[in-house]
Amino acid sequence: MTRKDALLYQNARFYEAFELSSVEMMEEIWSDSSAVRCIHPGWSIVEGRNAVLESWQRIFEGEVHMKVTLLNVRADVYGNIGVVVLQEEVHYTSGKLSNTGSVMATNIFEHDGKNWKLIHHHGSPTVVVEEQEGENFRYN
């Protein structure tokens with residue numbers, strides 16, 4: 001398995017932990033580094049491993065089931081840093097209610113000599129802009 005394949009595998013494990021609402025899996029995936037940061041859509045930055053894991057615990061405590069489809073996944077390796085950018089299509093179900101949202105995400109991993117460990121996750125809601133006829137504008 002190439003380093004890039006291993007990076008993509010670890011990224012997929014992150015989303016598996018998300019879907020399974022598994023803090024235990026998140027603990028395995030996230031780095032012990034002091035550089036750990038997470039920005040959930042609509043949240044302020046969460047800093048530090050313990051705070052990040054607690055944020056996932058809070059998300060998982062809700063009675064919401066989530067299914068994530070990954071689209072347009074792009075991964076690059078820069079030495080011991082791996083960067084994955086993608087679009088998350090998140091389907092939420094809570095009781096009889098369901099909804100789907102789109103999030104653009106960046107996941108940054110650091111290789112610890114054995115495995116890729118997540119050090120940064122940033123998710124931002126996707127804004128849908130309808131195309132309209134008219135002039136294009138350029139801002140200088």
Check your understanding: Any side-chain donor paired with an acceptor under 3.5 Å for H120 and T106?
Key ->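 Absent: no donor and acceptor within the cut-off.
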Practice item. State, without any angle test, whether Q87 and S102 hold a side-chain donor-acceptor pair at a distance under 3.5 Å. Key: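 The answer is yes; a qualifying pair exists.
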Does a side-chain heavy-atom distance below 4.5 Å link [X] with [Y]?
{"X": "N50", "Y": "V36", "value": "no"}
{"X": "V90", "Y": "T100", "value": "no"}
{"X": "I39", "Y": "V46", "value": "no"}
{"X": "Y15", "Y": "L86", "value": "yes"}

Spell out, yes or no, whether [X] and [Y] are grouped together once hydrophobic residues are joined by side-chain heavy atoms under 4.5 Å, including indirect joins.
{"X": "F14", "Y": "L70", "value": "yes"}
{"X": "M66", "Y": "W43", "value": "yes"}
{"X": "V68", "Y": "I29", "value": "yes"}
{"X": "Y78", "Y": "I108", "value": "yes"}

How far does [atom1] of [X] sit from [atom2] of [Y], to the nearest 0.5 angstrom?
{"X": "L20", "Y": "H65", "atom1": "CG", "atom2": "NE2", "result": "7.5 Å"}
{"X": "I81", "Y": "F109", "atom1": "CD1", "atom2": "CZ", "result": "11.0 Å"}
{"X": "F60", "Y": "S55", "atom1": "CZ", "atom2": "OG", "result": "8.5 Å"}

Are the side chain of [X] and the backbone N or O of [Y] linked by a donor-acceptor pair below 3.5 Å?
{"X": "T2", "Y": "D5", "value": "yes"}
{"X": "W56", "Y": "S22", "value": "no"}
{"X": "E19", "Y": "K67", "value": "no"}
{"X": "K4", "Y": "A75", "value": "yes"}

Can you give me the closest heavy-atom contact between [X] and [Y], atom names plus distance?
{"X": "P41", "Y": "S124", "answer": "CG-N, 4.5 Å"}
{"X": "G82", "Y": "L7", "answer": "CA-CD2, 3.7 Å"}
{"X": "W116", "Y": "V77", "answer": "CH2-CG1, 3.9 Å"}
{"X": "M26", "Y": "F18", "answer": "CE-N, 3.9 Å"}

**Study point:** side chain to side chain contact (heavy atoms under 4.5 Å, CB included) between L118 and N107, worked out
**Key:** CA-CA 7 Å; L118 192 56; N107 298 320; 3.9 Å; yes
Point to revise | Pairs touching residues 32-54 that satisfy salt bridge (charged side-chain N to carboxylate O under 4.0 Å, His left out), sequence neighbours left out | key: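 The answer is D32-R49, R37-E47.
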**Study point:** Residue pairs, two or more places apart or on separate chains, that pass salt bridge (charged side-chain N to carboxylate O under 4.0 Å, His left out) and touch residues 92-119
**Key:**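 Residue pairs with at least one partner in residues 92-119: there are none.
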Practice item. Among V52, I45, V103, I59, find the residue that satisfies the side-chain contact (heavy atoms from CB on, under 4.5 Å) test when tested with H40. Key: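 When side-chain contact (heavy atoms from CB on, under 4.5 Å) is applied between H40 and each of V52, I45, V103, I59, only I59 qualifies.
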**Study point:** Salt bridge R13-E28, side-chain N to carboxylate O under 4.0 Å
**Key:**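 Answer for the salt bridge query: yes.
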Review point. Should the heavy atoms of other residues, nucleotides or ligands under 6.0 Å from CZ of R3 be counted, would the total exceed 12?
Key: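 It does: R3 CZ has more than 12 such atoms within range.
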